[in-house]
Asks: 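Input: one structure, supplied below.
The model shown is predicted, which means the values in this text are computed figures rather than measured ones. Reminder, nothing fancy here: chain letters follow the sequence lines and each chain counts from 1.
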Number of protein chains: 2
Amino acid sequence: MTFKDHDDLVTIVAWMYYMDGLTQEKIAQEIGISRTKVSRLLSEAHEKGIVQFRITKSLPEYYLLERELKHRFNLKIAVVAPQNGDSLGQFAAESLFKFINEQKPRRVGLGWSTTVSLMAPYLSKGIVQTCQRCSVHDLTGSFIGQRNPYSISWRVADAIDARYVPLPVPVLVENPTLKEESTISNALKEAEKVDIAFVGMGCMGTKSTLLKTGLVSKEMMNDLEMKGCVGEVLMRFFDKEGRPMKSPLDDRIVSIDWPAIKNIPVFVVIAAGEEKVAPLRAALFGGWVSGLITDVQTAKRLLE
Amino acid sequence: MTFKDHDDLVTIVAWMYYMDGLTQEKIAQEIGISRTKVSRLLSEAHEKGIVQFRITKSLPEYYLLERELKHRFNLKIAVVAPQNGDSLGQFAAESLFKFINEQKPRRVGLGWSTTVSLMAPYLSKGIVQTCQRCSVHDLTGSFIGQRNPYSISWRVADAIDARYVPLPVPVLVENPTLKEESTISNALKEAEKVDIAFVGMGCMGTKSTLLKTGLVSKEMMNDLEMKGCVGEVLMRFFDKEGRPMKSPLDDRIVSIDWPAIKNIPVFVVIAAGEEKVAPLRAALFGGWVSGLITDVQTAKRLLE
DNA sequence: AAGTTTTGTGAACAAATGTGCAAGTCTGCA
DNA sequence: TGCAGACTTGCACATTTGTTCACAAAACTT
């Protein structure tokens, strides 16, 4: 075989490599040039667009949304459940375990939230390399006792074989001085130092868990909404630009406060649903969210 | 980033690899799987047709013709000049040098032919690793003297630094006993043992070089044509199925004979032009041609 | 023509990719 | 529940591919 023209050579080599599936070595022998040259000719074919790659399947929507969320809101973690029916809990759990395995955080914090609780079924031992130097912290007080069903901190701690640091006190106390209790204040101080937090997000209005559980009265809810409050994390309220808002409850709430929240390196919100769109928008705008776990529908609304 | 489905994973990896140009290593890190797995996912993408290669330029015509000629006529060498105007001599010379470099033949034979002579401008020293153990043989007698302009054997010998074994005698002798001369008969015997031969091909009728040079009379040419002769190589005639034909000239011709021709391992014919189509067809059909150097137009006619 | 830059080349090396294998995981079935 | 078999996984190694470098041929300059 004799060659007449450089461009022809590029074409022929490209056919032999991509269509016939020969190795560069074989092509080199076949046409009597060095393998190095074959390699270079293939690069050239690539650069000049003589060979093109075509991927028949488009990227899954959730993946595109994840990329866009990360980019738009400067997130470190973005997970979008492909089906609205899928449990966010599973993806939250996976993200948490992945983070633990890769980043080896010293302290992990968990909020009290029905959404965060969805992780529960996906917690099991052995998923992470046990890191006993690690501790798991409640970021808010709990409802009833230390191991109440709403708090899954202890279950996470159990799964990853870490120390569990509870906040063994109601999330809303009547007497603010209760927070002075050394057990409580120490636990809170520890909680403020977590490397990563997984929290839910509360909305205002009738769908609010706070309202439904009776922790916040209808009047107070209305009042906050009037003042421009659009949501809460860890019982801390914020306006539509994600700015912290004061509330009459602040002193009675047992949870880390705004400065602490903003200080957490990786603050991951788990939330989905139309009612969460407004608070999520605000929170993302506020800039104190560095991770989001949601579903396709919510993600789309956020990116509109 | 969390993954939901195996097929999605294949797609995503394919995009990252082929579109974003990431290495498998980087992809592996990015999505938290082993590099091995990325490699396997890419294979899968390939097998399942999720990724496809597209080459925008088609293979050059001459290359396709070369492949087809090789395949159809079981040739070891097939060269098709891309433009009809291109000199076959250049490609003949390239092929010869390539063969010499790669196969290190002991003996090279050259026919006497205007077409073979086209090599002349492309001969120069230093193109091959000098092989002094090699010799270059005339396969037919020559016209005038040892170094006549039609014979390029000595020039090839010079170029590759090889011994030149001439047939210093006219190609057509009046007295057949001249062939008994030891110089001649020895040279012929040597010539019969060449590893590769480059020869031209003669046609019948008015375009025949034999006729034009007056070596063969018009009457004899007509007579041979009547008997079914379609062409000649080295002054040996053959019919339309490439079978050797006797002619009254046979005894007076100084060239290797049919058994010797058929015995040459690589017998390369250099010929192009409409008048050569019939003889080439016959010769290829006859099966004693193992190499062909021609042009696009002739190649197409041969493959019709 | 002699020198100078540019271009192209292959050998040697470095990086990336593919594969056999052993160990682990999952699944169906008793 | 326990077990066999199919499948998956990652490691270590083999192969393949890309890049650097030094050199030589070609083009250009003086």
Asks: We want to know whether Tyr62(B) and Asp8(A) form a side-chain donor-acceptor pair, criterion being a heavy-atom distance below 3.5 angstrom.
Replies: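 Yes, side-chain donor-acceptor contact under 3.5 Å.
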Asks: Could you check how far CD of Glu25(A) sits from C1' of dA14(D), rounded to whole Å?
Replies: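 Between C1' of dA14(D) and CD of Glu25(A): 14 Å.
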Asks: Side-chain N or O of Ser34(B) less than 4.0 angstrom from OP1 or OP2 on dG10(D)?
Replies: yes
Asks: Quick check for you: among dG10(C), dT17(D), dC11(D), whose closest atom lies nearest to any side-chain atom of Arg40(B)?
Replies: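 For Arg40(B), the side-chain atoms sit closest to dC11(D).
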Asks: Checking all strands, does Thr23(A) fall into the base, sugar-phosphate, or nothing category for heavy-atom contacts under 4.0 angstrom?
Replies: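 Here Thr23(A) touches the backbone only, sparing every base.
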Asks: What is the distance, rounded to the nearest whole Å, between atom CD of Glu47(A) and atom C1' of dT19(D)?
Replies: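 So the CD-C1' distance, Glu47(A) to dT19(D), works out to 14 Å.
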Asks: For Tyr17(A) and for Gly32(B), locate the closest nucleotide of DNA chain D by heavy-atom distance; then report the residue assigned to the nucleotide nearer the 5' terminus.
Replies: Gly32(B)
Asks: Name the nucleic acid region contacted by Ser39(A), choosing base, sugar-phosphate or nothing; use a 4.0 angstrom heavy-atom cut-off, strictly under.
Replies: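 Base, at least one base heavy atom under 4.0 Å.
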Asks: Taking OP1 and OP2 of dG18(D), is either one under 4.0 Å from a side-chain nitrogen or oxygen of Gln24(A)?
Replies: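 So the side-chain polar atoms of Gln24(A) do come within 4.0 Å of the phosphate oxygens OP1 or OP2 of dG18(D), strictly under.
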Asks: Give a yes or no on this: more than 12 heavy atoms of other residues, nucleotides or ligands lie within 6.0 Å of atom NZ of Lys57(B).
Replies: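 Yes.
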Asks: Between the side chains of Asp7(A) and Lys48(A), is the shortest nitrogen-to-carboxylate-oxygen separation below 4.0 Å, so that they form an ion pair?
Replies: yes
Asks: Have a look at Phe53(B) and tell me which of Phe53(A), Trp15(A), Tyr17(A) forms a ring pair (Phe, Tyr, Trp, His ring centres under 6.0 Å) with it.
Replies: Phe53(A)
